[in-house]
Amino acid sequence: MRVFVTGASGHIGSAVVPELLRAGHEVVGLARSEESAAAVKALGAEVRRGDLADPDGLRSAATDADAVVHLAFDHTAMAAGDMAGAAATDRTVVQAFGEALAGTGKALLGIGMGHGDGNEHLAAAYSANPRIPTGRLFGELAEQGVRAVLVGIPPVVHSARDRSGFLPTLIRIARTTGVSGYVGDGANQWSAVHTLDLARLYRLALEQAPAGAELHAAADEGVAVRDIAEVIGRRLGLPVERVPEDRRAEHFGFFGAFMSLDVPVRGGRTRELLGWHPAEPGLVADLEQGHYFGTD
């Protein structure tokens with residue numbers, strides 16, 4: 001298939017693109033800058049210049065492709081605090097792809113959740129995800145002749161490619177404060193997946209997933225935050241301590257809002273549906289390899 005990929009040069013996209021190429025697919029990657037274009041080309045994909053603010057260009061790219069994998073998000077707006085604007089842009093992008101693919105049976109893969117697969121706890125835990133507003137739109141597109149598929153990505157996507165996710169953020173905070181901290185008893189859990197295992201899941205979803213599928217990309221279904229803090233503390237030679245609730249914002253800054261997140265995810269249905277078998281190191285094993293600390 002000829003696959004158009006947004007976010008092709010990003011953390012996840014940089015693994016998805018070569019995974020698709022190795023499977024024999026042609027890949028066209030969206031690039032908004034010369035730097036991104038060079039990165040996409042280096043991955044072996046064709047480059048299409050453009051950005052998320054050009055729905056006409058996105059419709060044209062989708063029309064020219066056999067499938068679309070939408071991984072990009074307006075992180076600039078999000079970082080500036082305009083989450084609503086970033087989410088609105090995301091919805092506009094998906095609408096543009098839907099208009100181009102309606103009635104074709106072509107695949108459109110995205111990030112997010114629609115109905116939570118009947119898991120109320122999971123749906124509630126993901127409710128803060130800015131891609132959630134587009135999740136229901138994917139369901140609508142599945143009824144309009146688009147093979148629309150959502151991939152619920154865990155809070156932690158880890159690998160040597162990870163530069164700004166949950167783990168690098170916790171490590172930076174620990175180094176800055178001199179403490180590897182957690183909130184409460186630290187028993188709350190984060191689900192996780194290795195970047196390469198996630199890339200394989202996207203490839204399998206592209207090739208096999210039915211319209212309307214909602215996949216859960218959890219390799220580790222739940223890792224206690226205190227266990228993560230303990231590995232970080234040991235690797236950095238720092239104490240591991242409970243951070244009192246009244247010091248959460250002071251210690252963790254903006255990341256404090258995520259420290260009590262409790263998102264155990266069951267990925268059994270996804271594994272059964274697609275024959276997905278995560279093969280890369282789990283979260284704790286990956287931390288132990290040392291690359292997050294510059295010691296691999």
| task | Grab the two heavy atoms, one from Ser180 and one from Ala174, that are nearest each other, plus how far apart they are. | result | CA-CB, 4.0 Å
| message | Checking the side chain of Lys106 only, and the main-chain atoms of Val146 only, is there a donor and an acceptor separated by less than 3.5 Å? | response | no
| request: Take Phe255 and Phe252 through the test ring-ring contact (aromatic ring centres under 6.0 Å, His included) and record every step on the way to the result. | output: CA-CA 5 Å; Phe255 198 71; Phe252 294 105; 7.1 Å; no
| Short question: side chain of Arg59, backbone of Val93 - any donor-acceptor pair under 3.5 Å? | no
| When you check the side-chain N and O atoms of Thr6 and His70, is any donor under 3.5 Å from an acceptor? | yes
| Does one side chain, of Glu207 or His25, offer a donor that lies under 3.5 Å from an acceptor on the other? | yes
| task | Can you see which heavy atom on Asp74 is nearest to which on Leu52, and at what distance? | result | N-CD1, 4.0 Å
| For Ala217 and Leu201, which heavy atoms make the closest approach, and how far apart are they? | CB-CD2, 3.3 Å
| query | Among His11, Arg161, His158, whose side chain to side chain donor-acceptor pair (under 3.5 Å) with Thr195 holds? | reply | His11
| Where the side chain of Arg163 meets the backbone of Ala160, is there a donor-acceptor pair that is under 3.5 Å apart? | yes
| request: Check the pair Thr92, Thr89 against side chain to side chain donor-acceptor pair (under 3.5 Å), reporting the backbone distance first and the verdict last. | output: CA-CA 5 Å; Thr92 298; Thr89 297; over 6 Å; no
| Asp220 side chain to Val193 main-chain N or O, any donor-acceptor pair under 3.5 Å? | no
| Single hit among Glu280, His194, His277, Glu19 for side chain to side chain donor-acceptor pair (under 3.5 Å) with Arg200 | Glu280
| Check ion pair Glu34-Lys41 (N to O, under 4.0 angstrom) | no
| said: Within the 3.5 Å criterion, strictly below it, is a donor on Arg48 or Ser60 matched to an acceptor on the partner's side chain? | reply: yes
| query | Got a donor-acceptor contact below 3.5 angstrom from the Asp262 side chain to the Gln189 backbone? | reply | yes
| Counting distance only, does the side-chain N/O of Ser191 pair as donor-acceptor with the main-chain N or O of Val263 below 3.5 Å? | yes
| said: Closer than 3.5 angstrom, by distance alone: can the side chain of Tyr292 be matched with the main-chain N or O of Ser159 as a donor-acceptor pair? | reply: yes
| request: Run the numbers on Ser260 and Arg248 for side chain to side chain donor-acceptor pair (under 3.5 Å), then give the verdict. | output: CA-CA 10 Å; Ser260 295; Arg248 177 203 294 251; 2.9 Å; yes
| field | Short N-O contact, Glu241 and Arg226, less than 4.0 angstrom | value | no
| said: Strictly distance-based, threshold 3.5 Å: is any side-chain N or O of Arg32 a donor or acceptor partner for the main-chain N or O of Asp51? | reply: no
| message | Distance check, rounded to the nearest 0.5 Å: Leu283 atom CG versus Asp227 atom CG? | response | 10.0 Å
